[in-house]
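Working notes for the structure below.
The analysis underlying the following values was restricted to heavy atoms, covering all of them including side chains, and did not include hydrogens, waters or symmetry mates. First the proteins, then the strands, lettered A, B, ... as listed; each starts at 1.
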Amino acid sequence: MRIAAPVLACVLTLIVGSLFFASLGHDPLPTLYAFFIEPLSSMNGLSEWLLKASPLILIACGLAIGFRANVWNIGAEGQFTMGAIAASGVGLFWPNPESALLLPLMFLAGMAAGMAWAAIPAFLRSRMNTNEILVTLMMTYIATLFLSYLVHGPWRDPAGFNYPQTALLPAAAMFQSFDPAYRLNSSIFITVVAVLLMWLFTDRSFLGYKMSVSGAAPLAARYAGFRESAAVWIGLLAGGAAAGIAGMAEAAGPLGQLSPQISPGYGFAAIIVAFIGRLNAFGIVLGGLLMSLLFLGGEGVQMTLALPSALTRIFQGILLFFLLAADFFIFYRIRLVRPVKDAPALETAR
Amino acid sequence: MELFIAIFTGTIIAATPLIFAALGELVVEKSGVLNLGIEGMMLMGAALAFWAVTAGYSMPVAILAGALAGAAASLLFGVLALTFLTNQYAAGLALAIFGSGVSAFLGRGFGSEPIEALHGVRIPVLSDLPVLGPLIFRFDPLVYLALLMFVAISWFLYRTKAGLILRTIGESPQTSHAIGYPVIRIRYMAVLFGGLMAGLAGAYLSVAYTPLWVENMTAGKGWIALALVVFATWQPLRVLLGAWLFGGMTILQLQGQALGLQVPSELLSALPYLATIVVLVLISRNRQMLALHFPASLAKPFRPAS
């Protein structure tokens, strides 16, 4: 049944999607085909599919560690942005642009920046009792503005015809594509490792178990002596590290430079991915592949059918709605009860 | 004097959408429900109201349409959180994402032309007073409505029996259920009211504050409204003061940009978000103050024990 809910949610989303397309005057079947099948019918499509799934899965793995402990980091978008900024900073300004160390250094910079950006809400939550939902979200807006400042100001490429973007990263600062014709690159291995680490942590480590107890039964966790602040720190730092690395991989992969818009909303979509995946490593892989398809499909129908790419966000929302609703039928048994009519009046005790 | 009037009126106007959204959320949270989807509901309200104006409907109809759009969006959340007992954080996030998608989808045909903004009122004599006129008596009607809502909600929550029941449900739904109050139904009404207010807030943005349509034009105001409720420690008067504080910050930041301060505009734009964090930290440090007015059952799904 744990698997049934996501499947049911997907089916219902497809049905609602078809009705929606029909109401827009598009024949649902070809539209669904264009949305979900066509993107996967070419090598390039497959490459793009994995390319987009990779950051989603990576970030969702990090976030899920926090979500399991009821630590709500919804600012992965900001941590992603900071990771991309820090990594690009290293890539652009490292004295030796051909150094073999460049990529590893960028990796560390991206991870550190993502973690630093998440450490602020972690500190505020554990020391100052400040709600991490709001802080992580506000930090996302600040990160976006910081990126905008950099690409409009100090980091703007002087040879870039005044476009708000940085210079291109040197070749040594880029992940190698598997095939020059496609954009999929070796950064996907980072995601594979992250999924394994996440699985080890949640399913095979005592610390991971403690985190899950903190989330499922906070009082029991406190009674057992598991520190809440440890869960907060680990939860937020894991999410920040994953998002920072994802940002680094995006900058050093498909982007190759910074511009004001570097994420199509990976940080937010990854929240949904984590939920579709039931906060479980392998579930997240499936969820990420599905979500990536939604992004691809959204782009596809935007080009072929001139439908707006906002459809992706609508589908994301509907999918999450259905998923949450489907959970109800798993966790609860429905019993129909008739309202009691003419119940005898209760005598109030005096 | 001119500058003072500009800053004062600007503050009041910038605070208005926050007042609507945060007061609505206050009522929702007082009933024990946490709806994180304000941003999505505001965007739906903004899109619908803007559409109604471009489609030639009158201003009141457009604003009503915005409010109803917010309420309709909140119903989605309500069904999930109240009927299907889902995690309220997740349901609210889903609504925030969904609302931003739907509004962007609706808004694709709106174009980038501004519409004629909601007019300020013209009260004979009062609006023409030398200083007080422009200072107090020339706002658009929604500014006054926001203040009216503040009075109405404060009165409702603390001076009526219905308000007492709502707060009781927020403190202990099990007890309220045992006494015989329809917990779920009342929570639905609170959620719908919150949606209505968020829709109004959105409508205010798109037809009065910046009368044009931009994708994701709320720019985090829905989330700031959520923060305001915490900042206010769940008390209406503090919501109002907090909204003015943030309104003032927005206006000072805009004035700063207009005066050409020698700081990057992005830093000024980041100020409201930074301020939100600072304010949250200052308030949250004092756990006692938070606990005093905090609805004890906030964000906990309620299922009648049988």
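Looking at A:I133, only its side chain comes within 4.5 Å of chain B, counting heavy atoms on both sides. At a 4.5 Å heavy-atom cutoff, the contact between B:T83 and chain A is made by backbone atoms alone. Residue B:L95 touches chain A through both its backbone and its side chain, counting heavy-atom pairs closer than 4.5 Å. Both the backbone and the side chain of B:S269 have a heavy atom closer than 4.5 Å to some heavy atom of chain A. Contact of B:L282 with chain A is not made at all, since no heavy-atom distance falls under 4.5 Å. Both the backbone and the side chain of A:I318 come within less than 4.5 Å of a heavy atom in chain B. If you measure heavy-atom distances from A:L150 to chain B, you find no contacts under 4.5 Å at all. With a threshold of 4.5 angstrom between heavy atoms, B:I224 approaches chain A through its backbone and through its side chain. For a residue to count as touching a neighbouring chain, one of its non-hydrogen atoms must lie under 4.5 Å from one of that chain's; by this rule B:A96 does not touch chain A. Using a 4.5 Å cut-off between heavy atoms, B:L80 contacts chain A through its side chain alone, with no backbone atom that close. Contact of B:R108 with chain A is made through the side chain alone, with heavy-atom distances under 4.5 Å. In this structure, chain B has heavy atoms under 4.5 Å from both the backbone and the side chain of A:F321. In this structure, chain A has heavy atoms under 4.5 Å from both the backbone and the side chain of B:V281. When heavy atoms are compared at a cutoff of 4.5 Å, A:L324 approaches chain B by way of both its backbone and its side chain. Heavy-atom distances place no part of A:F322 under 4.5 Å from chain B, backbone and side chain included.
In plain terms, the two heavy atoms of A:G317 and B:F98 that are nearest each other are CA-CB, 3.9 Å. Between B:A94 and A:L320, the closest heavy-atom pair is CB-CD2, 3.5 Å. Closest non-hydrogen pair, B:W223 versus A:L134, comes out as O-CD2, 3.6 Å. Of all heavy-atom pairs between A:A310 and B:G101, the closest is CB-O, 3.5 Å.
The side chain to side chain donor-acceptor pair (under 3.5 Å) analysis of residues 130-152 of chain A, with sequence neighbours excluded, yields the pairs A:R125-A:E132, A:S148-A:H152, A:S148-B:E266.
Looking only at heavy-atom pairs under 4.5 Å with chain A, the residue among B:A81, B:G107, B:S100, B:A91 that has the most is B:S100. Here B:A219 is the residue among B:G99, B:P272, B:A219, B:S265 with the most heavy-atom pairs under 4.5 Å with chain A. In terms of non-hydrogen atom pairs under 4.5 Å with chain B, the most contact-rich of A:L24, A:L323, A:D327 is A:L24.
Within the 4.5 Å cutoff, side-chain heavy atoms of A:F328 are placed close to those of B:L85. B:L280 has its side chain out of reach of A:M128: every pair of non-hydrogen atoms, C-beta onward, lies at least 4.5 Å apart. No side-chain heavy atom of B:Y273 sits under 4.5 Å from any side-chain heavy atom of A:L137. Proximity of B:Y89 to A:F67: side-chain heavy atoms (C-beta onward) are nowhere separated by under 4.5 Å.
Interatomic distance, CD1 of B:I277 versus CD1 of A:I142, reported as 4.0 Å (0.5 Å rounding). The distance from the CG atom of B:L267 to the CZ atom of A:F146 is 10.5 Å, given to the nearest 0.5 Å. Note that CD1 of B:I97 is 9.5 Å distant from CZ of A:R313, once rounded to the nearest 0.5 Å.
Although no hydrogens or angles enter the test, the distance criterion places a donor-acceptor pair under 3.5 Å between the side chain of A:N129 and the main chain of B:S284.
Surrounding CD of A:Q261 are at most 12 heavy atoms belonging to other residues, nucleotides or ligands under 6.0 Å away.
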